[in-house]
Amino acid sequence: MKELADKYPDLVTLKSSQEMYGLPTAGNSNDCPFEAESGCKNWILTIEDSVSHPTGSGSYKELPEILLSGALHGDERVGPTVVVETAVLMLDSANCEAERDESRRQSCMSDLGNRGIDDFERQWLAFCVASRRIIVLPTANALGYFRGQRMEGNYDPNRDFPFDLRDYSTCMRTVAGRTINEIFRDHLIQLSFTYHAGMESIAYEWGNPTYYDGSKSPDDVAQNEISRGFSDFGGSFQTSPVYKYGDMNALVYPVRGGMEDWAYAASWDTSLTKPCTPSSVNGQYAPEKTTYGPSTLRAFNILVETSDRKTPNWNTLGTTEDVFNPQSQGNGHISRNIKLATMMVDVVQPYTRLLAVEDAALPNDIVPERVHLSCVENDAVNVSQEKKVVQIKWTVGGGFSVDETSLVYGKWTDFAGKIKCFSQPTQERLNTLLATETIKQTSTQTGRTRWHQDGATPIGGSDFPPGPIFSAAVDLNDFEGGDTIAVFAVAKLDQSWKEQPNSFAPNVPPQSHVVNARTNPDWYHTSESGMIVQGRQHWVSVPVTLVIADDDEAPSTPTEPISPVTSAPVTSAPVTSPPVTSSPVTSSPVTSPPVTSPPVTSPPVTSPPVTSPPVTSPPVTSPPVTSAPTPSQFPSTPNGCVPFSEDTESFREFLRQKFVVPCINSKCFTGRSGRERDCDWVNESKSKRCPYHNMKCPVTCGAC
């Protein structure tokens, strides 16, 4: 974990709960001797994009949050390796997608491809890192993990939470329990995995004696669908069928003081919780630490019983190669739970992404470590005035059922100040926009995401990422040359999660953040540290801008992407990039970590670090001062204006050969129509004329 934090400082922070929350270590001087202090620390790895979401910013506060917790019982060995390997895979993918140096980018893409991660999977994992906060707690019970024991000393951490207890002086006695309590107090966790072993199943709330009468939870519909999706995606292998799934009371057994029910309900089912008053075990712990407000504990905290054996045989663990391939021979206890973890990161929040305008593929709109441009400049495509209908494709993810989706479009002036590019509008603001006469909307469509039990629909083919591929026509008849048109995809997902089973308790509506965040626009919760969960029903994509070209700006093809000068290099477009061919699986199987392994060291099987190839390209030399061109050196019109060239690349080559540099700053030029244009004409509409004319040498008037 230390290696990950050092390697990816803009994406990872690594701190102990002792440093963050002032908790004591567990154990004595004989335990965890690799630590500087006596006893075992509880290390927390947080994955978040600090460049795109600076600390304290609005987007930082609104990131959906996930917890991946391993080894609450120290002798159950699969979980720690799962969560660290998941972090390695996601961070390697995110860093590669963010890489600006082309040679290093090609190197890391090749490395990931050799590990079985194709272009679509790399881009998907990078998107997840750039748009979520993932909290990784590999060894919640660090002492038990070091000793190879279930307990933390004399206490069971999974009976240490203040929910459905008979005696509240018996909770929060473990450092493991306090660490998890502090994490939940600090965040608004929506989804969480707690990894255990001793059987094979995926189980959710309820799992306590009070509701051991067959009652389901108020959120049972969503819990069941999500867990079924996990079971399907995890798959099976030779020694293990697909995971069974269901509520803990029915599938596992009820417990008092369990982490799962506490994390789900202690903020709203207040009849079953009280503040803890532990004795001086591990020092005093203030009762107000377990006095919860209405927002803190509303997570689906899903129990994964990873394997029948607490330390499975090495040849059943699987490999980290080709992990997402359902036909892979390398599936096993660890590899299938890596799949579950990445799926959880995806489904925590719905999203929609524009993929293509006609046959022009759009670059990824959410890329890690990017300071985003304005909405208008983010993705822009020139469209000829002759083109009256433009076909646009998009996808929807982060859920299961697509209840409705469509395109919304209009002039940017109609959207100005009413919608943000990289954050979601409130439901009220979106409804106001949709009711505006000048804002247009295509017919609504329905479908299913890749996680639905019946598979994705509509299907887009191998040139598109996994998931549904929707398509609709944008009618441009009401627009004219010079207009800039904003196009957004909008989607509503999983409204069936508002439904409830025949028998559930207590008699309240769905109470979880993850359900209400996508079904209830009135849902609004904040944490003590300022994190926010805002409910909505519709999810809006990052937009694309259609620039209706006038006579001098009409592209030689009906649609032509614009690449703004200030944008980061365009990544491989998902529609046209062929998948990277995976090499044969040659890596050694994942091995279970030994009992004495320190919790913060790298897990047994890690992919080799990406090494940048040596720089072999010749150094860039500056052209001689005497070779710099001036407008008078160009072939020109009688008035001295530089001619427009239909064949941009040939014109650039002419400039390279004659003048060394490919572009100059000219005062005037001749447009496609034959009219002479000058700086004032460009400056009249920089937002649409600069990007276009910057792609056609020469650069005009320095305005671009």
Side-chain angles (χ1 to χ4, degrees), residues 48-49 52-67 127-128 130-135 184-192 218-219 222 226 263-264 267-268 292-300 344-353 366 372 375 396-399 402-405 408 415 417-435 488-495 497-498 508-543:
E48 60 187 356
D49 185 349
S52 300
H53 310 286
T55 302
S57 65
S59 63
Y60 171 88
K61 296 175 182 178
E62 293 177 358
L63 286 174
E65 298 183 301
I66 305 100
L67 172 65
F127 163 82
C128 288
S131 59
R132 280 99 167 97
R133 180 176 293 111
I134 308 161
I135 302 151
F184 273 88
R185 283 167 47 85
D186 214 16
H187 299 275
L188 290 179
I189 307 294
Q190 295 193 44
L191 290 176
S192 172
D219 291 88
I226 291 173
Y264 169 57
S267 277
W268 57 271
Y292 307 113
S295 303
T296 308
L297 297 163
R298 294 177 178 268
F300 284 176
M344 174 173 278
V345 175
D346 183 274
V347 301
V348 70
Q349 180 169 285
Y351 58 88
T352 180
R353 288 185 52 234
I366 305 287
H372 298 298
C375 273
V396 178
V402 183
D403 298 299
E404 60 181 57
T405 187
V408 174
F415 287 103
K418 301 174 183 176
I419 196 166
K420 295 181 179 180
C421 196
F422 296 96
S423 60
Q424 295 296 319
T426 63
Q427 191 68 44
E428 181 181 7
R429 177 167 290 185
L430 181 62
N431 291 342
T432 300
L433 279 173
L434 295 178
F488 299 81
V490 180
K492 179 192 286 188
L493 286 80
D494 300 326
Q495 297 306 293
W497 288 4
K498 294 184 291 187
V508 293
Q511 294 295 304
S512 66
H513 286 312
V514 74
V515 169
N516 283 279
R518 67 188 68 192
T519 63
N520 182 1
D522 297 327
W523 192 261
Y524 183 83
H525 286 265
T526 61
S527 71
E528 293 180 5
S529 59
M531 304 306 177
I532 297 170
V533 176
Q534 169 66 66
R536 53 179 48 86
Q537 288 183 315
H538 291 89
W539 301 85
V540 181
S541 73
V542 174

J.: What's the shortest heavy-atom distance between Glu65 and Leu188, and which atoms?
T.: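 Closest approach of Glu65 to Leu188, heavy atoms only: OE1-N, 2.7 Å.
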
J.: For residues Phe488 and Thr352, determine if any side-chain heavy atom of one lies less than 4.5 Å from a side-chain heavy atom of the other.
T.: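 They are not in contact (no side-chain heavy atoms under 4.5 Å apart), so the answer is no.
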
J.: For His53 versus Ala130, what's the shortest heavy-atom pair and its separation?
T.: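 Where His53 meets Ala130 most closely, the heavy atoms are NE2-O, 2.7 Å.
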
J.: Treating Gln511 as the side-chain partner and Pro509 as the backbone partner, does any N or O pair qualify as donor plus acceptor under 3.5 Å?
T.: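 Checking the backbone N and O of Pro509 against the side chain of Gln511, a donor-acceptor pair under 3.5 Å is found.
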
J.: What residues, two or more places apart in sequence or in another chain, satisfy side-chain contact (heavy atoms from CB on, under 4.5 Å) together with Pro350?
T.: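 Scan of Pro350 (side-chain contact (heavy atoms from CB on, under 4.5 Å), adjacent residues dropped) gives Leu493, Arg518, Trp539.
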
J.: Please work out which of the three classes, parallel, tilted or perpendicular, describes the rings of His525 and Trp523, given edges at 30° and 60°.
T.: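 Answer is tilted, since the angle falls between 30° and 60°.
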
J.: Does any non-hydrogen side-chain atom of Tyr264 lie less than 4.5 Å from one of Asp219?
T.: yes

J.: Please enumerate all residues that pass side-chain contact (heavy atoms from CB on, under 4.5 Å) together with Leu430, with sequence neighbours excluded.
T.: Pro425, Gln427, Leu434, Val490, His538, Val540

J.: Please report the closest heavy-atom contact between Ser267 and Leu297, naming both atoms and the distance.
T.: OG-N, 2.8 Å

J.: Determine yes or no for a side-chain-to-main-chain donor-acceptor pair under 3.5 angstrom, with Asp49 supplying the side chain and Ser131 the backbone.
T.: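 No; judged by distance alone, with no hydrogens or angles, the pair does not exist.
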
J.: Kindly indicate, with the supporting measurements, whether the criterion side-chain contact (heavy atoms from CB on, under 4.5 Å) is fulfilled by Leu67 and Phe184.
T.: CA-CA 9 Å; Leu67 172 65; Phe184 273 88; 3.6 Å; yes

J.: To the nearest 0.5 Å, what is the distance between CE on Met531 and OG1 on Thr296?
T.: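 So the gap between those two atoms works out to 13.0 Å.
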
J.: Starting at CD1 of Ile66, measure out to CD1 of Ile135 and round the result to the nearest 0.5 Å.
T.: 8.0 Å

J.: Holding to side-chain contact (heavy atoms from CB on, under 4.5 Å), I want the full list of residues that pass it with Ile532, two or more places apart in sequence or in another chain.
T.: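 Once residues adjacent in sequence are excluded, the partners of Ile532 under the side-chain contact (heavy atoms from CB on, under 4.5 Å) criterion are Lys61, Glu62, Tyr524, Thr526, Gln534.
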
J.: Can you tell me how far CE of Met344 sits from CD1 of Ile226, rounded to the nearest 0.5 angstrom?
T.: 7.5 Å

J.: Looking at Arg132 and Asp346, would you say the former's side chain and the latter's main chain have a donor-acceptor pair under 3.5 Å?
T.: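 Yes: the side chain of Arg132 pairs with the backbone of Asp346.
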
J.: Against Cys128, only a single residue in Ile134, Val348, Ile366, Val345 fulfils side-chain contact (heavy atoms from CB on, under 4.5 Å); can you say which?
T.: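 Testing each of Ile134, Val348, Ile366, Val345 against Cys128, the sole residue satisfying side-chain contact (heavy atoms from CB on, under 4.5 Å) is Val345.
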
J.: Could you pull out the closest heavy-atom pair between Ser529 and Asp186, with the gap in Å?
T.: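 Minimum heavy-atom contact is OG-O, 2.6 Å.
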
J.: Please name the pair of heavy atoms, one in Gln537 and one in Thr519, separated by the smallest distance, quoted to 0.1 Å.
T.: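 Closest pair (atom of Gln537, atom of Thr519, distance): NE2-O, 3.4 Å.
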
J.: Within the side chain of Ser527, is there an N or O that forms a donor-acceptor pair under 3.5 Å with the backbone of His187?
T.: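 Flag not set: sc Ser527 to bb His187 has no pair under 3.5 Å.
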
J.: Where do Leu63 and Arg133 come nearest, in terms of heavy atoms and distance?
T.: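 Of all heavy-atom pairs spanning Leu63 and Arg133, the closest is CD1-NH2, 3.6 Å.
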
J.: OG/Ser295 to CD/Glu528 distance, rounded to the nearest 0.5 angstrom?
T.: 10.0 Å

